Amino acid sequence: IEIYDSDKNRLQIDRIISNNDITTNDIITNDIKSNTIFYIVELPELLKSDNGKTSQQLKLTIAYIHQLNPLPKQIKKTSKQFVTYQALKYFYSPYKTEKLGTKYTFASDKFKSYTKPVAELDGKKITYGPFKDIQPFAASDQVRFHFQYHVPYLTMTEVVRDIEISHWGNVRIEESFLLQHDGAKLKGAYEVAMYDRYEHIMGQMAASSDPSSVRSYKAILPAGATNVYYIDRIGNVSTSNFRRGKTSTKKTKTKKNSVLEMRPRYPLYGGWKTDFQIGYDVPSSELISIDPITRVHTLNVSFGIPFKDPVTDLLITRIALPEGAHDVKVICPYDILMEPESKRFTYLDSFIGGGRPLITFSKENVINLHNEHFQITYVYDTTRIYYKPVLVIIGIFTFFASIMTFSRISPSLEASSSSSGHYGVTQNGIYIDDNDNDRKQIDKLMKLKGSDDKLLKNLEKISKKLKDDNAKSKVDSAISQIKEISNKSGGKTKGGGKKNNNKDDPDTKSKIGDILRSLQQNL
């Protein structure tokens with residue numbers, strides 16, 4: 001319901017919730033109060049009581065939905081669709097009306113029947129009246145029309161609009177639709193091959209093969225819409241055509257909306273349903289403005305759906321603001337049902353940042369006349385735009401730092417045998433203290449090889465310098481074993497030590513190497 005004055009200014013109109021607030025008198029009886037819905041309109045200026053010398057001109061628009069009833073209820077694929085419409089002969093008013101005329105304009109001039117008598121019949125138009133001196137709340141006669149109707153008779157049972165704002169320069173909009181055809185139901189079977197063949201023949205004759213079906217629909221999108229897609233439950237629907245609009249510039253201030261023409265996978269007949277989604281990106285500069293003084297951000301988006309014909313039973317709108325937005329306010333020209341603010345977590349959102357504020361509201365019975373814009377204002381610190389890149393950098397740094405740290409931690413319980421010189425308790429129970437001299441001698445022992453000609457002399461020198469009794473006994477035991485092997489395979493040396501005269505004997509070298517490796521492992 002909308003009402004405008006002579007200057008085309010929209011006036012405030014409010015519905016009276018409780019009729020008990022209305023005083024009962026000779027005109028407004030209890031019966032009228034129980035069967036009437038009252039509205040209050042604030043006039044632009046006071047209307048004086050001067051017997052009609054002063055007046056104000058008002059224009060009232062009321063839209064009614066779900067008023068057309070198909071008759072017959074079922075039709076064949078090639079049959080014409082007819083509907084009935086029933087209404088009051090003249091306007092129901094709480095005031096005395098001196099003169100009134102009622103004109104009905106229809107989608108077709110083909111009538112099966114209509115209420116008679118009429119004042120004038122002109123093609124698609126039927127006029128009743130004029131009527132004079134109509135009393136307040138006067139009961140009006142009903143008029144009924146039965147006419148041909150091939151306009152798409154569509155209803156969106158539910159529409160969910162999801163708007164996600166990013167201050168990196170993009171606003172993502174995704175809209176989900178549950179669509180049904182409320183026209184006369186299809187009588188008989190439907191065959192795809194028959195439909196395509198008959199459609200081709202009728203197309204050559206420049207006629208419509210099934211005028212009551214819906215084979216395509218058109219969506220009006222913002223001028224700067226990009227990355228547009230049209231999908232259903234199966235996936236992408238390629239039978240669509242997108243024509244990008246023109247945005248206003250400094251040179252050309254004209255603005256042209258984008259158009260998405262969609263053709264579903266199958267035609268929509270009466271009683272049939274379908275669901276689909278469309279999505280697109282819009283530059284944030286086209287929808288968001290910033291106050292240079294208060295730094296308050298304002299999102300300005302059209303309230304209704306992008307289709308002209310369908311009626312929407314339930315429209316749900318969700319707006320995900322950027323993480324860190326606060327002091328959120330919703331300004332809407334229509335009555336809406338607000339839900340409590342919630343949070344949404346998307347890419348790189350975290351509990352540390354608090355998540356995205358999610359604003360949700362809904363409205364029933366939305367039509368193409370709900371074409372005004374709603375605004376959402378919020379405060380947003382522009383420095384928070386760098387929060388997520390810094391978070392990514394810190395996360396990557398922490399990951400690699402953790403890898404470097406854990407790679408240097410050995411899960412083994414054995415003592416390290418590296419050249420760092422730190423020794424503890426070995427698996428054979430030998431304890432080596434922190435004496436620097438013993439550590440140096442054992443480091444030398446670890447570097448010895450079984451093929452060394454001076455191996456025995458080097459072991460004797462190391463044994464003499466060791467102070468730890470347990471380590472020294474192990475070294476002396478190894479020296480004794482090497483000497484015993486050398487005695488079996490050779491003679492004495494000048495130094496009194498045993499030396500292998502057959503240096504190329506592989507069996508002797510192998511045994512000496514095993515003794516040395518066993519000693520190194522024990523230490």
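From a predicted model like this one, the values you see are computed outputs, not experimental measurements.
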query: In terms of the angle between their ring planes, are Y92 and F137 parallel, tilted or perpendicular, with boundaries placed at 30° and 60°?
result: perpendicular
- request: For the pair E286 (side chain) and G224 (backbone), establish whether a donor and an acceptor sit closer than 3.5 Å, ignoring hydrogens and angles.
  value: yes
message: Testing the basics here: between Y380 and A325, what is the closest heavy-atom pair and its distance to 0.1 Å?
response: CD1-N, 4.0 Å
statement: To the nearest 0.5 Å, atom OG1 of T317 lies from atom NZ of K363 at 11.0 Å
message: Under 4.0 Å between a side-chain nitrogen and a carboxylate oxygen: does that hold for E261 and R243?
response: yes
task: For I1 and T61, run side-chain contact (heavy atoms from CB on, under 4.5 Å): C-alpha distance rounded to whole Å, both residues' side-chain angles, the deciding distance at 0.1 Å, then the answer.
output: CA-CA 6 Å; I1 302 177; T61 301; over 6 Å; no
message: For the NZ atom on K96, are there more than 12 heavy atoms of other groups (residues, nucleotides or ligands in this structure) within a distance under 6.0 Å?
response: no
message: Could you check whether D313 and H66, counting side-chain N and O atoms only, form a donor-acceptor pair closer than 3.5 Å?
response: yes
query: Ion pair present between E175 and R161, side-chain N to carboxylate O less than 4.0 angstrom?
result: yes
Side-chain atoms of residues 112-134: list all donor-acceptor pairs with protein atoms under 3.5 Å, sequence neighbours left out, distances to 0.1 Å.
{"residue": "T115", "atom": "OG1", "partner": "R144", "partner atom": "N", "Å": "2.7"}
{"residue": "T115", "atom": "OG1", "partner": "R144", "partner atom": "O", "Å": "3.4"}
{"residue": "Y128", "atom": "OH", "partner": "T115", "partner atom": "O", "Å": "2.5"}

message: For Q57, is the CD atom crowded, meaning more than 12 foreign heavy atoms sit under 6.0 Å from it?
response: no
message: Assess whether a salt bridge exists between R233 and D275, defined as any Lys/Arg side-chain N lying under 4.0 Å from an Asp/Glu carboxylate O.
response: yes
Separation between CG of L68 and CZ of F147, rounded to the nearest 0.5 Å: 5.5 Å
- prompt: Are T360 and I316 side-chain neighbours, meaning at least one heavy-atom pair lies under 4.5 Å?
  reply: yes
message: Could you check whether D162 pairs with R344 (Lys NZ or Arg NE/NH1/NH2 to Asp/Glu carboxylate O, under 4.0 Å)?
response: yes
task: Compare every heavy atom of S240 with every heavy atom of L260, then report the nearest pair and how far apart it is.
output: CD1-CB, 4.3 Å
Could you tabulate the donor-acceptor pairs under 3.5 Å formed by side-chain atoms of residues 4-14, not counting sequence neighbours?
{"residue": "Y4", "atom": "OH", "partner": "E2", "partner atom": "OE1", "Å": "3.3"}
{"residue": "D5", "atom": "OD1", "partner": "D7", "partner atom": "N", "Å": "3.0"}
{"residue": "D5", "atom": "OD1", "partner": "K8", "partner atom": "N", "Å": "3.1"}
{"residue": "D5", "atom": "OD1", "partner": "N9", "partner atom": "N", "Å": "2.7"}
{"residue": "R10", "atom": "NH1", "partner": "E372", "partner atom": "OE2", "Å": "2.6"}
{"residue": "Q12", "atom": "NE2", "partner": "D14", "partner atom": "OD1", "Å": "2.9"}

- request: Mind running side-chain contact (heavy atoms from CB on, under 4.5 Å) on K329 and I376 for me, showing each step along the way?
  value: CA-CA 6 Å; K329 297 180 181 178; I376 293 183; over 6 Å; no
task: Just do the side-chain hydrogen bond (donor to acceptor under 3.5 Å, both in side chains) check on S258 and Y280 with the steps written out, would you?
output: CA-CA 11 Å; S258 301; Y280 51 92; over 6 Å; no
- line: With sequence neighbours left out, the residues meeting side-chain contact (heavy atoms from CB on, under 4.5 Å) with P72 are I75
message: With a 6.0 Å cut-off (strictly less than), is the heavy-atom count around CG of D50, excluding the residue itself, greater than 12?
response: yes
message: Please enumerate all residues that pass side-chain contact (heavy atoms from CB on, under 4.5 Å) together with L43, with sequence neighbours excluded.
response: L47, Q56, L58
- prompt: What heavy-atom pair brings D291 and I293 nearest, and what distance separates the two atoms?
  reply: OD1-N, 2.8 Å
message: Please find the pair of heavy atoms, one from E341 and one from P357, that lie closest to each other, and give the distance.
response: OE2-CB, 3.5 Å
message: Within the 4.5 Å heavy-atom criterion, are Q81 and H150 side-chain neighbours or not?
response: yes
message: Quick check: closest heavy atoms across A63 and L369, and the distance to 0.1 Å?
response: CB-CD1, 4.3 Å
- prompt: Donor-acceptor pair, S140 side chain versus Y90 backbone, under 3.5 Å?
  reply: yes
query: Does F345 reach the side chain of R356, with side-chain heavy atoms less than 4.5 Å apart?
result: no
query: Less than 4.5 Å apart, any side-chain heavy atom of L186 and any of W272?
result: yes
query: Residues two or more places apart in sequence or in another chain: which of them pass side-chain hydrogen bond (donor to acceptor under 3.5 Å, both in side chains) with R172?
result: D281
task: Can you spot which of V311, L315, V159 makes a side-chain contact (heavy atoms from CB on, under 4.5 Å) with V366?
output: L315
task: Mark yes or no for whether T155, through its side chain, and T157, through its backbone, hold a donor-acceptor pair below 3.5 Å.
output: no
query: Does NZ belonging to K89 count more than 12 external heavy atoms closer than 6.0 Å?
result: yes
- prompt: Between T312 (side chain) and L314 (backbone), is there a donor-acceptor pair under 3.5 Å?
  reply: no
Stepwise side-chain contact (heavy atoms from CB on, under 4.5 Å) test for Y229 and E174: CA-CA 9 Å; Y229 63 84; E174 184 178 81; 2.4 Å; yes
- request: To the nearest 0.5 angstrom, please state how far the CD1 atom of I278 sits from the OH atom of Y230.
  value: 9.5 Å
- prompt: Going by the angle between their ring planes, with limits at 30° and 60°, are Y217 and F307 parallel, tilted or perpendicular?
  reply: perpendicular
field: Inter-residue atom distance I359.CD1 - M338.CE, 0.5 Å rounding
entry: 6.0 Å
- prompt: Under 30°, 30 to 60°, or over 60°: which ring-plane class applies to F374 and F303, parallel, tilted or perpendicular?
  reply: perpendicular
- request: Check the pair T398, I396 against side-chain contact (heavy atoms from CB on, under 4.5 Å), reporting the backbone distance first and the verdict last.
  value: CA-CA 5 Å; T398 304; I396 294 175; over 6 Å; no
message: Heavy-atom count check: over 12 atoms from other residues, nucleotides or ligands less than 6.0 Å from K103 NZ?
response: no
task: Would you give the length of the straight line joining atom CD1 of I331 to atom NE2 of H373, rounded to the nearest 0.5 angstrom?
output: 14.0 Å
Validation row: F106, F145 side chains within 4.5 angstrom (heavy atoms): yes
- prompt: Below 4.5 Å, heavy atoms only, C-beta onward: do Y85 and Y104 meet side chain to side chain?
  reply: yes
query: Side-chain donor-acceptor pair under 3.5 Å between N170 and S166, yes or no?
result: no
- prompt: CD1/I163 to CD1/I173 distance, rounded to the nearest 0.5 angstrom?
  reply: 5.0 Å
message: Any heavy-atom pair between the side chains of T274 and L268 that's under 4.5 Å?
response: yes
- request: For the residue pair M262 and K218, establish whether any side-chain heavy-atom pair is separated by less than 4.5 Å.
  value: no
task: Please name all residues satisfying side-chain contact (heavy atoms from CB on, under 4.5 Å) with I234, sequence neighbours left out, ordered by chain then number.
output: D232, R265
For Y153 against N69, the heavy-atom pair lying closest together: OH-N, 4.5 Å
message: Would you call the rings of Y378 and H297 parallel, tilted or perpendicular, taking 30° and 60° as the class edges?
response: parallel
